[in-house]
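Convention: sequence-line order gives letters A, B, ...; per-chain numbering from 1.
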2 protein chains.
Amino acid sequence: MEFKEAKNKFVQTWGALGSQWGINKTMAQIHALLMVAHEPLSMEDIMEELHISRGNASMNLRSLMDWGIIYKELKPGERREFFVAEKDLDELAVKVAQERSRREIKPALKVLKEVSTANITNTSAEAKQFKDQTSKLYDFVLKADNMIEKVTEYKDNWLARLVMKVMK
Amino acid sequence: MEFKEAKNKFVQTWGALGSQWGINKTMAQIHALLMVAHEPLSMEDIMEELHISRGNASMNLRSLMDWGIIYKELKPGERREFFVAEKDLDELAVKVAQERSRREIKPALKVLKEVSTANITNTSAEAKQFKDQTSKLYDFVLKADNMIEKVTEYKDNWLARLVMKVMK
DNA sequence: CTAAACTTTCAAAAATAATTGAAAATAAAT
DNA sequence: ATTTATTTTCAATTATTTTTGAAAGTTTAG
């Protein structure tokens with residue numbers, strides 16, 4: 001397999017994976033490209049390599065920066081902006097976990113708390129089961145979210161440490 | 001908040017969450033509905049409660065069964081089929097983790113192995129960095145996937161156990 | 001200050017994914 | 001064997017998401 005072919009396969013696969021996890025394909029592809037790049041890429045570079053429009057590149061680069069998993073890099077004497085990806089995988093996983101917690105899990109927890117503690121007058125078995133199950137769900141998700149917080153505090157090498165603990 | 005309102009809020013929220021994680025909205029909503037139902041629901045019940053078509057209900061019920069997180073239940077003397085959700089949250093999480101591993105992580109690992117070990121003639125710094133980073137990614141994802149396998153073997157109360165380990 | 005280089009925005013278009021509904025299939029009852 | 005109840009399939013439609021591209025916005029240089 002030639003380099004270009006391998007790189008393309010990697011970028012495509014990463015993009016498809018992203019889609020399945022609710023991340024738009026182009027965003028995941030740009031991320032893939034930057035992860036394996038050995039030097040900062042300009043927007044122009046990215047547009048060219050992925051055959052995408054300027055607007056698309058701009059918007060997805062911003063999203064990736066909002067996730068905190070790519071950075072702008074300014075080259076002295078250069079007018080345009082360059083981008084690099086966080087290449088440390090522990091750090092990447094921590095960032096993704098923290099963002100998903102903040103954007104999705106925390107708001108879901110809020111709703112779960114609301115509905116599970118709502119003062120429901122209805123005394124049917126159905127209403128009882130609802131309260132019971134949503135309470136359990138709240139506890140479960142809260143526990144999982146706390147674990148994410150705890151685990152991602154380590155920053156360095158958290159996965160390896162966790163594997164150790166689990167294996168022993 | 002009244003029961004119907006609370007239930008609706010829960011179902012809607014679960015559906016939106018599903019979307020963000022790459023699961024179609026209706027599928028997540030059906031799952032939510034069955035999770036808090038105190039008795040098995042027929043397809044008719046589900047169609048009515050969610051205002052969806054028969055075809056949509058049928059297809060998404062099948063998907064949920066393929067994931068192994070809802071079951072068919074036959075009532076004696078009843079012609080039509082009823083459905084119940086796995087209500088044990090540990091079991092639910094294990095099933096979801098195992099399916100995602102099987103469907104998405106394992107195939108991704110295969111590609112990562114391929115591209116990271118490809119016999120690339122190109123000796124540029126770029127090609128070198130590509131091999132290096134994809135190898136690291138392969139190791140990382142493999143480790144994470146192994147952890148999922150290990151953790152989900154417990155079946156019972158795996159999250160609580162993991163939390164214990166992490167906290168201590 | 002003005003032009004040139006570059007980036008962002010956003011309405012419209014295109015692509016993708018989800019949903020419908022009716023016909024076909026299946027299974028049970030008479 | 002035929003009718004009736006129920007589920008599945010899938011082509012067509014509808015809804016949602018993504019992408020484009022040109023105009024507006026910014027920033028640096030001269």
Problem - Atom pair distance, as rounded to whole Å: CG in B/L50 and C1' in C/dA18 - result: 14 Å
Handout entry: Heavy-atom protein contacts under 4.0 Å, nucleotides 20-30 of chain C, coded B base, S sugar-phosphate only, - none
Key = BB-----BBS-
Practice task
Answer yes or no: are there more than 12 heavy-atom neighbours, outside B/K25 itself, under 6.0 Å from its atom NZ?
Solution key: no
Handout entry: Of all pairs that satisfy salt bridge (charged side-chain N to carboxylate O under 4.0 Å, His left out), the ones with a partner from residues 50-68 of chain B, not counting sequence neighbours
Key = B/E44-B/R54
Handout entry: Start and end of chain A contact along DNA chain D [non-hydrogen atoms, under 4.0 Å]
Key = D/dT18 to D/dA29
Practice task
Starting at atom CG of B/L61, determine the distance to atom C1' of C/dA18, rounded to an integer number of angstrom.
Solution key: 15 Å
Problem - Residues within residues 11-47 of chain B bordering DNA chain D, heavy-atom distance below 4.0 Å - result: B/M43
Problem - Residues which pass salt bridge (charged side-chain N to carboxylate O under 4.0 Å, His left out) with B/E78, listed by chain and number, not counting sequence neighbours - result: B/R80
Problem - side-chain contact (heavy atoms from CB on, under 4.5 Å) partners of B/E126, counting only residues at least two apart - result: A/F3, A/K7, A/H38, B/S124
Problem - Electrostatic pair A/K143-A/D139, nearest N-O below 4.0 angstrom - result: no
Problem - Side-chain ion pair, A/K110 and A/E114, N-O less than 4.0 Å - result: yes
Exercise for the section: Give a yes or no on whether A/K106 atom NZ has more than 12 heavy-atom contacts from other residues, nucleotides or ligands under 6.0 Å away. Expected result: yes
Practice task
Find out whether B/V84 and B/Y71 are in side-chain contact, i.e. whether some heavy atom of one side chain is under 4.5 Å from a heavy atom of the other.
Solution key: yes
Practice task
Taking atom types as modelled, find out whether B/S42 and B/D45 have a side-chain donor-acceptor pair closer than 3.5 angstrom.
Solution key: yes
Practice task
Could you check if a side-chain atom of B/D145 sits within less than 4.5 angstrom of a side-chain atom of B/E149, using non-hydrogen atoms only?
Solution key: yes
